[in-house]
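Below: the structure, in structure tokens.
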Amino acid sequence: MKRFPFLFLMVSGLTGIVRAPNGLAQTSRPAFEIPETRGMRWFKGNTHAHTLMSDGDSPPEEVARWYKAHGYNFLVLTDHNVFTDPRKLAHLTDSMFLLIPGEELTTSFEQRPVHVNGLNLPHVVEPRTDSTIVGTIQKNVDAIREVDGVPHINHPNFRWAFGKEVLAKIERDKLLEIFNGHPLVHNEGGGGSPGMEEIWDHLLSRGKRIYGIAVDDAHHFQQEFSAARSNPGRGWIAVKAESLETKALMRSLETGLFYASTGVELDDVVVTRATMEIRIRQRGDFKFRTRFIGTEGKVLHETTANPAVFRLASTRTMYVRAKVMDSGAAAAWVQPVFVTRERTAK
Ligand SMILES: [Zn+2]
Ligand SMILES: [Zn+2]
């Protein structure tokens with residue numbers, strides 16, 4: 001090995017496979033990228049909600065007040081092709097509640113809806129069209145990037161608009177809705193069409209760095225709340241960030257420092273070189289089951305313990321993510337950590 005140090009570094013750096021000069025692979029175990037989260041705190045938010053400015057049933061002020069009153073730390077008002085300026089609601093914001101400007105870029109390709117949320121936009125961004133479905137999605141992602149916004153691709157299964165093959169071709173997008181609270185979006189898939197989690201694993205297994213987001217897509221804040229209506233409070237994220245500021249939140253979102261939830265709350269997620277540890281917040285007498293999931297959705301480990309702990313080095317996989325399920329059918333999705341390289345076993 002000493003005679004070929006440069007060759008060794010080059011080969012291992014490019015392929016992640018450690019090879020001796022004789023060409024035989026040596027035993028190795030995976031090393032994961034460890035996020036740096038010292039001094040960070042958790043902030044709860046929703047990145048998808050509508051108001052009377054498009055097809056919601058309540059004025060922006062009332063929508064923002066609902067989230068503030070229910071303990072959210074941030075909210076993005078995302079009306080269809082309308083910029084609902086949060087500066088007009090500045091009187092609602094304080095050290096524990098932030099409004100981030102956004103929009104749901106809303107267009108279609110051959111009757112198939114293409115909806116892409118833009119977070120942290122400076123002004124309205126016109127939706128774009130193209131001659132293919134991939135091009136249509138990509139152009140809207142790019143339109144958001146051009147103004148330094150953060151895109152997230154919305155509800156792919158809404159009217160069965162596009163699937164995993166299309167999503168695998170999209171670039172420069174880091175966030176994908178894996179849960180959307182609107183009653184007509186088919187989060188779970190069915191009838192031969194994959195659900196959002198299966199689509200997510202498909203993308204991750206092809207080397208895409210994509211994080212799963214849960215949102216309300218709330219429209220209805222008036223009258224009764226029921227499963228058939230598009231009410232708030234169903235899907236949200238908790239972001240680990242240095243402060244409750246837009247830039248810090250966007251940075252954490254795009255590096256996967258958050259979990260998505262439909263009701264399960266976590267006290268912390270601690271990833272070290274050796275383990276992924278999930279500290280679940282106890283709620284009443286609810287019971288919990290945690291799955292650690294790897295390449296192609298394979299369940300690597302399942303436990304009912306709290307904290308739920310997985311030894312990262314114990315398996316060969318491209319990534320490890322986790323899903324915590326409670327006894328009331330709510331879940332939390334912990335974002336994947338990725339294998340960066342393989343190191344030779346000593
Ligand atoms: Zn939509
Ligand atoms: Zn929407």
Side-chain angles (χ1 to χ4, degrees), residues 42-106 113 115-121 124 127 150 152-155 157-159 175 177-187 196 213-239 244 246 249 253 258 260-265 283 328-332:
W42 292 98
F43 300 101
K44 177 178 177 175
N46 173 37
T47 60
H48 195 161
H50 296 273
T51 78
L52 278 173
M53 300 286 282
S54 62
D55 58 349
D57 70 358
S58 301
E61 167 127 11
E62 212 169 309
V63 173
R65 280 192 192 281
W66 189 95
Y67 284 95
K68 188 176 181 180
H70 287 81
Y72 288 68
N73 300 116
F74 67 93
L75 171 68
V76 194
L77 295 171
T78 53
D79 279 305
H80 297 285
N81 301 335
V82 172
F83 185 70
T84 303
D85 195 342
R87 282 176 297 192
K88 291 178 182 159
L89 304 170
H91 56 284
L92 292 180
T93 61
D94 55 33
S95 65
M96 286 311 286
F97 187 68
L98 175 71
L99 287 166
I100 297 169
E103 175 193 340
E104 183 170 15
L105 276 69
T106 307
H115 296 189
V116 183
N117 266 18
L119 316 180
N120 192 26
L121 300 184
V124 72
V150 169
H152 72 69
I153 295 176
N154 300 348
H155 49 58
N157 280 348
F158 176 50
R159 294 190 201 142
L175 302 171
E177 286 184 355
I178 55 158
F179 176 89
N180 176 305
H182 194 285
L184 302 177
V185 296
H186 312 297
N187 294 310
M196 287 316 304
I213 199 161
V215 303
D216 276 341
D217 198 357
H219 292 69
H220 302 140
F221 295 77
Q222 309 294 328
Q223 298 161 347
E224 99 273 40
F225 280 24
S226 73
R229 304 189 78 230
S230 172
N231 300 130
R234 293 177 182 169
W236 42 270
I237 49 174
V239 182
L244 185 59
T246 302
L249 292 171
L253 268 179
F258 71 96
S261 181
T262 56
V264 172
E265 290 187 282
R283 175 176 165 228

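Every residue meeting the salt bridge (charged side-chain N to carboxylate O under 4.0 Å, His left out) condition with D85, not counting sequence neighbours, appears here in chain and number order: R87. Under the rule for a side-chain hydrogen bond (donor to acceptor under 3.5 Å, both in side chains), the partners of E62 that lie at least two apart in sequence or sit in another chain are Q222. Annotation: side-chain hydrogen bond (donor to acceptor under 3.5 Å, both in side chains) contacts of H220 (sequence neighbours excluded): none. For D79, the side-chain hydrogen bond (donor to acceptor under 3.5 Å, both in side chains) partners two or more places apart in sequence, or in a different chain, are T51, S54, T84.
Between the T78 side chain and the A49 main chain, a donor and an acceptor come within less than 3.5 Å of each other. With hydrogens and angles disregarded, no donor-acceptor distance shorter than 3.5 Å links the side chain of E103 to the backbone of G118. Without hydrogens or angle criteria, N73 side chain to M96 main chain gives a donor-acceptor distance under 3.5 Å. The backbone N or O of L52 sits nowhere less than 3.5 Å from a side-chain atom of S58 that would complete a donor-acceptor pair. For R229 (side chain) and E224 (main-chain N/O), a donor-acceptor pair under 3.5 Å exists by modelled atom type. A donor-acceptor pair under 3.5 Å is formed between the side chain of D216 and the backbone N or O of G233.
Separation of the H48 and H182 ring centroids does not fall under the 6.0 Å cut-off.
If you take OH on Y67 and CZ on F74, they are separated by 11.5 Å, rounding to the nearest 0.5 Å. Atom OG1 of residue T93 and atom CG of residue L99 lie 6.5 Å apart, to the nearest 0.5 angstrom.
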Side chain to side chain donor-acceptor pair (under 3.5 Å) assessment of N154 paired with H152 | CA-CA 6 Å; N154 300 348; H152 72 69; 2.8 Å; yes
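Annotation: salt bridge (Lys or Arg N to Asp or Glu O under 4.0 Å) contacts involving residues 47-60, sequence neighbours excluded, are absent. Contacts classified as salt bridge (Lys or Arg N to Asp or Glu O under 4.0 Å) and involving residues 63-73 (residues at least two apart or in different chains) are given here: E61-R65, K68-D94.
In this structure, H70 and W66 have parallel ring planes: the angle between them is below the 30° cut-off, well short of the 60° mark.
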